[in-house]
Amino acid sequence: MQITLSPMTLRLFVKPPLIPLLLLATFVDGFWSLGNLRTLAESISTDGLIVAGMTIVMIAGGFDLSVGAVMAMGGVAAVVLLPYGIVPAALGALVAGGISGFLSGTLVTRLRINPFIATLAMMVMVRGATLAYTDTRPVVGLDDTFLALGGGDPLPYAFLIMIVVMLAAHVLLYHRPWGRHAYAVGADERAAQMTGLKVNRLKIECYMLSGALAAFAGMLLAARLGTGSPIVGEMTPLTAAAAALIGGASLRGGEGSIMGALCGLLFVGCLINVMNLLGVPSYYQRMTIGGLLFALVVVEGLLQRARPR
Amino acid sequence: MTDGALVDLVGITKQFGGVRALKGVDLSVRSGEVVALVGHNGAGKSVLVQILSGVFPPSSGEIRVGGKPVAFTSPSDARLYAIETIYQTLALADNLDAPANFFLGRELRTRFGFLDKKKMAEEAKKALADLNPNFTDIERPVRQMSGGQRQAIAIARAIHFQVQLLIMDEPTAALGPHETAQVAELIKRLRAQGIGILLISHDVRDVLRLADRIVVLKNGEVVGALTARDTNEDEVVDMIIRGRKLDADGAVK
Amino acid sequence: MTAASTPWRFVTPIWPVLAVLVIGAALLSGPFLSPANIAAVLQQGVITGIVALGMTIVLIGGQFDLSTGATVMMAAVLALLLNPADGTSTVLAILLPVALGGVIGLVNGLAVYRAGANSIVATIGMQFLVIGAVLALVSGQHVRADNMSEMFVSLSRARFLGIPYSVYIFLGLVVALSIIMSNTVFGRHVYALGGDIEAARRAGVKVVRTGIATYMISGMLAALAGVLIASLVGNLDPTAIRGYEFPALTAVVLGGTSLTGGVGRPADTAAAIWVIAVITNVMTILNYQYPVQLLVQGVVLTAAVAFYSWQRARS
């Protein structure tokens with residue numbers, strides 16, 4: 001007998017097994033407590049902004065390894081600009097992230113550099129610049145409005161912001177021509193070029209979006225931690241890539257969705273949360289994420305090979 | 001099986017996921033015979049070529065060489081049975097020079113196990129000069145070479161190593177009229193030497209001129225086999241397009 | 001034979017760059033040319049250089065290995081945990097990490113060449129897997145070996161003609177790998193893999209086996225680099241030695257190995273290693289700290305990639 005699952009059921013039970021994970025989590029003491037759910041919401045909200053950006057870049061056939069470094073830069077930039085007011089601080093972070101994304105996109109499109117290598121180089125440059133600017137120390141000097149941004153009751157503001165961003169990204173991808181074009185470029189760049197799409201411009205916009213979202217996430221993280229740290233976000237590109245891949249995005253481009261990314265994000269977030277609750281040391285979490293990512297690309301490779309050529 | 005056949009394909013099928021690319025193909029090639037395989041894009045020609053050259057195995061069916069069943073797990077297995085292929089894409093490593101491509105997969109070595117570059121260069125040069133006397137500057141990456149020169153390398157390496165069955169996948173698709181004539185000459189010469197040739201082409205006129213037999217493939221099935229001498233362009237084209245199936249008497253259904 | 005006969009015989013631009021830099025550095029700062037500093041520059045490049053040599057082989061085959069930094073850390077920690085105090089344990093402390101590096105390479109190779117996984121993401125995943133496993137093994141604590149045998153220490157410390165053994169090891173590897181890559185069937189097949197993997201397969205090259213071998217070489221070389229670190233420092237904070245893959249990748253790319261594979265030479269990577277070593281050394285003499293060095297490395301990598309892609313687009 002052939003069992004047919006609706007896409008949503010498939011998404012929640014199988015790819016990723018989010019509902020089974022949540023059911024299992026019920027056996028973990030304190031998972032469903034309000035306090036823990038709040039922690040969970042906080043921890044996925046910054047990553048969520050980045051996953052949204054990463055997913056869009058991957059749909060357009062790219063990849064962004066620089067998101068972790070850009071997040072650190074965004075946090076530092078926001079804190080440094082805070083004396084001029086919270087709006088300049090936020091704008092500063094967004095602009096810094098956007099510029100970094102613009103540079104990544106330029107490297108990828110105009111210089112035709114492999115996106116992994118281009119954003120790897122960006123990652124190192126941004127990280128180096130941030131560390132150099134801060135002399136490797138966290139920057140402080142926070143005001144109350146800014147710190148309040150890291151709070152929020154009952155739901156953290158960051159979580160609400162993430163939901164709004166995800167909704168906007170969903171609309172952008174599904175209900176605007178721009179999103180169509182992004183899928184087209186990711187699926188077949190040459191075909192998209194020949195139908196008259198401005199491929200380079202669109203890709204640069206994707207990287208700018210990813211950079212701006214990463215920097216904004218950095219600002220929210222700085223508000224929550226009460227400091228702008230230049231060393232945060234080392235694992236971020238991995239976590240974000242894992243979430244996007246679990247959520248159906250592909251390294252070949254042209255595939256993925258925000259709903260999928262959200263499910264992937266929840267899955268990875270719950271996994272880490274459960275490990276924290278169980279007192280699993282962070283090293284094992286690192287192993288888990290690494291192993292998960294490794295397994296994901298192996299499966300993706302195998303699936304791709306099974307297809308007709 | 002067909003008596004005296006060099007290679008027989010019996011009931012070959014190939015499935016990719018849910019797609020049935022070949023649905024039970026029989027085909028044989030004798031020594032000194034040119035068999036042309038024609039059909040639309042997607043008829044299954046290229047899948048059949050790749051199965052016969054060991055790129056991937058059939059889903060079911062049998063490949064027989066000299067009457068004995070064989071299984072190819074890789075292209076080098078097919079080469080062991082003296083089956084060589086000139087792919088439409090030529091399958092050259094663009095970064096390597098002509099001798100390196102010529103001997104790729106069967107490099108000559110010195111006594112100490114190192115590459116015998118000198119000998120490989122000499123032999124490749126000789127073999128290429130046989131095909132095209134003007135082609136002497138062979139030690140540079142093949143990406144810098146012309147289409148005709150690249151084609152020459154692909155052909156030369158396929159016929160250099162005691163080939164018995166030569167598979168030519170669209171050998172003239174990328175060539176000008178002069179070079180196409182050269183390839184036609186080559187096919188005649190090889191046939192005279194007793195080499196079996198499986199020629200894949202969409203140029204029906206070419207096929208009629210060069211082949212002894214013409215096999216028409218449509219939607220993964222053999223829909224007709226014609227003797228080149230007894231047919232004409234219209235009949236072949238008709239068969240490619242309409243795919244009329246012949247019954248046992250050879251009459252059109 | 002013509003100068004531009006085969007791709008691996010081109011005179012690459014990295015050697016003149018090295019020459020200019022050395023002369024420039026000598027003019028810019030007096031202490032640069034002191035024998036002690038030259039030995040230091042040579043030694044500074046060794047660890048990264050050995051890692052980079054392995055990554056060069058993998059990249060000539062058309063793939064990336066970003067797990068090497070983690071393998072370096074694994075090998076250094078494991079070598080110290082094995083406490084190379086006497087003869088047997090010294091041999092073990094060298095061979096076991098190298099063997100394990102080979103196993104990591106095997107798994108990478110299987111994932112990439114057998115399953116067709118994206119090599120960048122797969123090896124980054126492997127990197128975190130290995131780092132996590134090593135940190136879990138030592139609970140994130142310092143590791144130290146007491147009474148390291150003279151033989152183990154001498155790997156990195158002993159000198160011949162004023163130059164550390166490790167430099168000779170590196171030079172030996174450069175020569176051996178150069179011969180392997182340009183004069184053996186294996187080397188030729190690696191170039192073919194990077195040039196056109198499907199063409200190589202159709203020409204009868206054992207693609208999976210050759211590809212896996214490139215990753216195993218890379219894993220073993222990275223592990224050897226880790227063993228040399230262990231020998232040099234004797235005790236270490238595992239979290240402090242990581243990220244070797246990035247400077248190594250920078251050197252590989254700077255040396256002219258194509259990001260799409262098929263082009264590159266181990267000796268050019270060695271030249272690039274010394275270019276970076278000279279820059280780092282001068283920056284250290286001029287008192288620029290790690291973050292600025294990181295920034296400069298990123299800029300150098302970007303510039304190198306841009307230069308080579310421009311050069312290839314032109315030809």
Side-chain angles (χ1 to χ4, degrees), chain A residues 63 65 69 103 107 110-118 120-136 230 234-235 237-238 241-242 245 250-252 280-306 309, chain C residues 64 66-67 70 107-108 110-112 114-140 243 245-247 249-250 253 259-260 288-310 312-313:
Chain A
F63 201 83
L65 280 170
L103 292 176
L107 292 178
R110 309 266 178 234
L111 295 177
R112 310 232 136 267
I113 297 176
N114 172 327
F116 295 93
I117 300 302
L120 186 71
M122 267 325 279
M123 171 182 106
V124 173
M125 285 190 282
V126 169
R127 181 73 75 188
T130 310
L131 285 171
Y133 182 78
T134 60
D135 204 10
T136 73
E234 192 210 356
M235 292 254 305
L238 267 79
L245 282 169
S250 153
L251 291 168
R252 282 169 309 130
V280 177
S282 63
Y283 327 122
Y284 292 100
Q285 298 179 19
R286 194 185 284 267
M287 267 178 85
T288 310
I289 297 293
L292 191 65
L293 198 61
F294 189 83
L296 280 170
V297 285
V298 166
V299 169
E300 169 165 325
L302 287 171
L303 287 179
Q304 207 175 316
R305 288 218 166 163
R309 40 187 107 195
Chain C
F64 290 86
L66 297 178
S67 68
V107 177
N108 283 331
L110 281 170
V112 171
R114 195 67 193 252
N118 176 298
S119 70
I120 295 179
V121 183
T123 55
I124 289 182
M126 178 58 83
Q127 176 193 336
F128 278 73
L129 199 60
V130 171
I131 291 178
V134 172
L135 291 180
L137 181 72
V138 300
S139 308
E245 69 279 354
F246 188 75
L249 181 68
T250 305
V253 173
L259 286 174
T260 50
Y288 285 105
Q289 299 303 309
Y290 170 75
V292 180
Q293 296 179 9
L294 198 65
L295 181 63
V296 168
Q297 264 176 25
V299 173
V300 168
L301 175 66
T302 313
V305 174
F307 170 76
Y308 287 115
S309 87
W310 169 78
R312 264 171 213 130

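All chains are named by letter (A, B, ...) in the order of the sequence lines, taking the proteins before the strands, and each is independently numbered beginning at 1. Atom set for the values below is all heavy atoms of this structure, side chains included, hydrogens, waters and symmetry mates excluded. Keep in mind the model is a prediction, meaning the values are calculated, not measured.
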Max heavy-atom pairs within cutoff under 4.5 Å with chain C, candidates Y284(A), Y283(A), F116(A), goes to Y283(A)

Looking only at L301(C), T302(C), T260(C), V121(C), most heavy-atom pairs under 4.5 Å shared with chain A are made by V121(C)

Honestly, the part of A241(A) sitting under 4.5 Å from a heavy atom of chain C is neither

Max heavy-atom pairs within cutoff under 4.5 Å with chain A, candidates L66(C), V253(C), L110(C), L129(C), goes to L129(C)

Turns out that what part of L120(A) lies under 4.5 Å from chain C's heavy atoms comes down to both

Whatever's closer than 4.5 Å to a heavy atom in chain C on Y133(A) counts as neither

Is the closest side-chain heavy-atom distance between L131(A) and L295(C) below 4.5 Å?
no

Turns out that what part of I120(C) lies under 4.5 Å from chain A's heavy atoms comes down to side chain

The interface call for M235(A) against chain C, heavy-atom contacts under 4.5 Å, is both

Counting heavy-atom pairs under 4.5 Å with chain C, the top scorer among L251(A), T136(A), T130(A), L238(A) is L238(A)

With no hydrogens and no angle check, is any side-chain donor or acceptor of S309(C) less than 3.5 Å from a backbone partner on I113(A)? no

Taking the side chain as every heavy atom from C-beta outward, state whether F64(C) and L259(C) have any pair of such atoms under 4.5 Å apart.
-> yes

Applying a strict 4.5 Å limit to non-hydrogen atoms, the region of V134(C) in contact with chain A is neither

Check your understanding: Would you say the side chain of Q297(C) lies within less than 4.5 Å of the side chain of P247(C), judging by non-hydrogen atoms?
Key -> yes

Honestly, the part of I289(A) sitting under 4.5 Å from a heavy atom of chain C is neither

Handout entry: R112(A) side chain vs L107(A) backbone, donor-acceptor pair below 3.5 Å
Key = no

(Q) Can you tell whether the side chains of E234(A) and R286(A) come within less than 4.0 Å, N to carboxylate O? (A) yes

When the 4.5 angstrom heavy-atom criterion is applied to Y308(C) and chain A, the contacting part is neither

key: Sub-4.5 Å side-chain heavy-atom contact between L294(C) and R127(A)   = yes

I want to check something: taking the side chain as every heavy atom from C-beta on, are V298(A) and V112(C) in contact at a cut-off of under 4.5 Å?
no

